[in-house]
Amino acid sequence: MEFLPVEVIGNILSRLGAARDVVIASTTCKKWREAWQNHLRTLSFNSNDWPVFHELTSSKIEILITQTILQTTGLQCLTIIMDDVDEFSAAPVIAWLMYTRETLRQLHYNVRTTPSINILEKCGRQKLEVLALAHNSITGVEPSYLKFPCLKSLSLSYVSISALDLSILLTACPKVEILSLVNLDIAMSDAQTTKLSSVSLKDIYVESISLDKFVLEADNIEKLHLKDCTLEIFELVSKRTLRFLKIDDVSVIQLDIGEGTENLEVVDVSNFTIMWQKFHHMISRSSKLRRLRLWGVVFDDEDEFVDLETISACFPLLSHLSLCYDLREGPLQFGLQGSFRLENVVVLELGWTVVSDLFAPWVEGFLDRCPNLRKLVIYGVVSEAKTHEECQMLAFITSSLVRLMRKYLHVEIQFEYE
C-alpha cells in the first residue's frame, strides 16, 4: 500500500463515498490523509449511512459537514441527504456551495434550509452536470442568461416552483437529457397550462403531479414515464424519436402523444382507464414494438376489447407480452378470436384480478399461438380473507395449469401469487 500513488488512493477513497468511511480510512497514514485533502472527488453525507446522524442536532451536523468539506479540494460530487433533520441554517449551506462550486460536477441536496436560499444562483454558470434537489423552493429563475450550460440531468422532488419558473429553468439547461419531476408544488398562472420545451431532452419521469394541461415539446424525447399523476390534458410534441412509453396509475381525460410513434419499442400501461381504439391508433404504427404490457387497464366502453389478431399484425417483432384483466363478467377483454400466431413472443406474462375458471383455457389459447415461447409467468391476486370457493378455484386453476404445462415441457413456468 505504501507504494500506491496518492492519486490512486484518492480514487479509492472516492469510491467509499460515505463521509464517515472516508474520514476513518484517511487516518491510515499521512499519505492517505494527503489523498483525502487533495485528491478526493466524491463525498456523501447521508443519514442512512450512519445511525449517529439521527442523534445529533442540526447545528452539530452542520459543523461536521463544514469541517469535512473544508479539508478537501477539488470535490466533484457532493451528496447531502438528511431525512430526519428538520432544517439547516442557510449560512453554512451557502458556504459549502461557494467552496465547492468551481469543481463540482454533481450535487444531490435533500435538506430544508431556513431562511430559504437560491441554490440555483449558487451553482449556476459552473461545470455542474447533475443536480438533484429536494424539499426546497425555487423562485425567480432569471431568463436573461444560461445558468447551467453543462447540466445533463435535473431532478426536482417535493420542490415548490411556479409553472413559469419551471419552464424557464428547463430552457436554461441547453444540454439537459434527463429530467425527473416528483411531487412538485406547481404554482399556476392564469393560463392554467404548464408548457415545457427542450431540444436536448431524451428521458422524462413525472410522478405525483396534478395539472390541468401539461404540454411537453421535446424533439428528441426517447423515454416518457408518467406515474400517479392527475392530468386533464397531456400533450407530447416530438419528432418520432419516442422509444419507451410507460403510464402507471394515471388519471387523464385527454392523452395525445402525437403521430410520431414509429420507433416505439416498449409500451407499458397499468392501472389506467383508456379508450382502446384511440390508444391503439396512437401506437398502431409502432412496427418496431418489442414489449407490450397492459396490466389492470379499464376500458371506457365496457364492450371494448383488445383485438390480439390486429396486435399480431401491427407488431410483428413483439417478443414480450404482458396482459392482466378482470375475468368476472362480460366478454373477454383480450380475446383469442382468429388463427393468428405470435411468432416472436418468447416471454408471456398473464394474470387475473379475480379468480375465475376462464383463466386456464385462456392461457392455453396463448400457448397454442406462441410457438417459440420460452417463459410463462402467471400472476394471481387472492384476497387476504380467502373464502372456501376462492381456495377451491385457485386449486383448480393451479392443477389445470400443471396439466397444461406437461404438454409444453419446453416452456419455463413461474407463479407469482399475491
Side-chain angles (χ1 to χ4, degrees), residues 205-209 214 223-236 242 244-258 261 264-286 289-315 318-338 340 342 345 347-356 358-359 362-363 365-366 369-370 376-383 416-418:
Y205 174 77
V206 182
E207 179 182 348
S208 300
I209 288 181
F214 187 6
K223 184 176 181 180
L224 170 64
H225 186 178
L226 304 177
K227 181 179 180 180
D228 297 335
C229 294
T230 301
L231 309 168
E232 289 192 15
I233 299 174
F234 178 82
E235 181 180 346
L236 172 65
L242 191 64
F244 179 100
L245 173 64
K246 185 170 184 177
I247 302 173
D248 182 7
D249 198 10
V250 173
S251 173
V252 59
I253 297 176
Q254 180 180 330
L255 174 68
D256 184 2
I257 58 175
T261 58
L264 267 175
E265 296 178 9
V266 176
V267 173
D268 187 334
V269 180
S270 59
N271 304 314
F272 186 54
T273 300
I274 61 175
M275 293 180 62
W276 172 249
Q277 294 299 327
K278 184 175 181 180
F279 186 79
H280 180 261
H281 175 72
M282 285 191 291
I283 67 171
S284 60
R285 299 180 183 179
S286 310
L289 195 70
R290 298 182 180 276
R291 179 164 183 159
L292 176 63
R293 183 173 184 264
L294 302 173
W295 209 262
V297 298
V298 177
F299 297 140
D300 260 354
D301 186 344
E302 61 181 15
D303 293 326
E304 272 192 312
F305 67 95
V306 175
D307 184 353
L308 291 174
E309 186 168 16
T310 301
I311 283 182
S312 68
C314 290
F315 313 130
L318 194 65
S319 62
H320 194 136
L321 178 61
S322 305
L323 301 174
C324 174
Y325 66 102
D326 191 336
L327 285 158
R328 282 178 295 185
E329 56 187 27
L332 295 181
Q333 291 173 304
F334 304 100
L336 296 172
Q337 297 84 0
F340 68 90
L342 298 166
V345 172
V347 178
L348 183 62
E349 296 178 321
L350 301 175
W352 71 75
T353 55
V354 176
V355 181
S356 170
L358 297 173
F359 187 74
W362 187 60
V363 173
F366 274 102
R369 289 167 171 79
C370 299
L376 171 66
V377 184
I378 302 296
Y379 291 87
V381 177
V382 182
S383 60
E416 297 283 348
Y417 286 164
E418 295 181 7

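- The shortest side-chain heavy-atom distance between E349 and H320 falls under the 4.5 Å cut-off.
- Annotation: the span from E207 atom CD to C229 atom SG amounts to 7.5 Å, rounded to 0.5 Å.
- Ring orientation note: the planes of Y417 and W352 are tilted relative to one another, at an angle of 30° to 60°.
- For the pair F214 and V206, the minimum side-chain heavy-atom distance is below 4.5 Å.
- Here the side chains of F234 and L224 are in contact, with some heavy-atom distance below 4.5 Å.
- Residues C314 and H280 have side chains in contact (heavy-atom distance under 4.5 Å, counting atoms from C-beta outward).
- Rounding to the nearest 0.5 Å gives a distance of 6.5 Å between CG of L294 and CD1 of I311.
- F315 places a side-chain heavy atom less than 4.5 Å from the side chain of I283.
- One distance of note links CD of E309 with CZ of R369; it measures 8.5 Å at 0.5 Å rounding.
- Counting all heavy atoms, side chain and backbone alike, N271 lies closest to D248 at ND2-OD1, 3.7 Å.
- Using a 4.5 Å heavy-atom cutoff, the side chains of I274 and I247 are not in contact.
- For the side chain to side chain contact (heavy atoms under 4.5 Å, CB included) with L245, the lone residue among V266, L289, L236, I257 that qualifies is I257.
- The minimum heavy-atom distance linking I378 with V363 is given by the pair CD1-CG2, 4.2 Å.
- Rounding to the nearest 0.5 Å gives a distance of 6.5 Å between CG of L342 and CG of L321.
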- Task: Start with the C-alpha gap between W276 and V297, add the side-chain angles, then the distance that decides, and say whether side chain to side chain contact (heavy atoms under 4.5 Å, CB included) holds.
- Result: CA-CA 10 Å; W276 172 249; V297 298; over 6 Å; no
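- Considering only heavy atoms from C-beta on, L255 comes within 4.5 Å of M282 through its side chain.
- L231 contributes atom CG, which lies 10.0 Å from atom CD1 of I253 (distance to the nearest 0.5 angstrom).
- Between S286 and V267 the shortest side-chain heavy-atom distance does not fall below 4.5 Å.
- The closest donor-acceptor contact from the side chain of S270 to the backbone of G296 lies at 3.5 Å or more, if one exists at all.
- Legend: residues meeting salt bridge (charged side-chain N to carboxylate O under 4.0 Å, His left out) with R293, ordered by chain and number and at least two apart, are D268.
- Contact record, E416 with V377: CG-CG1, 4.1 Å, taken as the closest heavy-atom pair.
- The aromatic rings of F366 and W362 stand perpendicular to each other, their planes meeting at an angle above 60°, with 30° marking the opposite boundary.
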- Task: Please report the C-alpha distance between L323 and L308 in whole Å, then the side-chain angles of each, then the deciding distance to 0.1 Å, and finally whether the side chain to side chain contact (heavy atoms under 4.5 Å, CB included) criterion is met.
- Result: CA-CA 11 Å; L323 301 174; L308 291 174; 4.2 Å; yes
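- In this structure, CG in L242 is found 8.0 Å from OG1 in T261, a value given to the nearest 0.5 Å.
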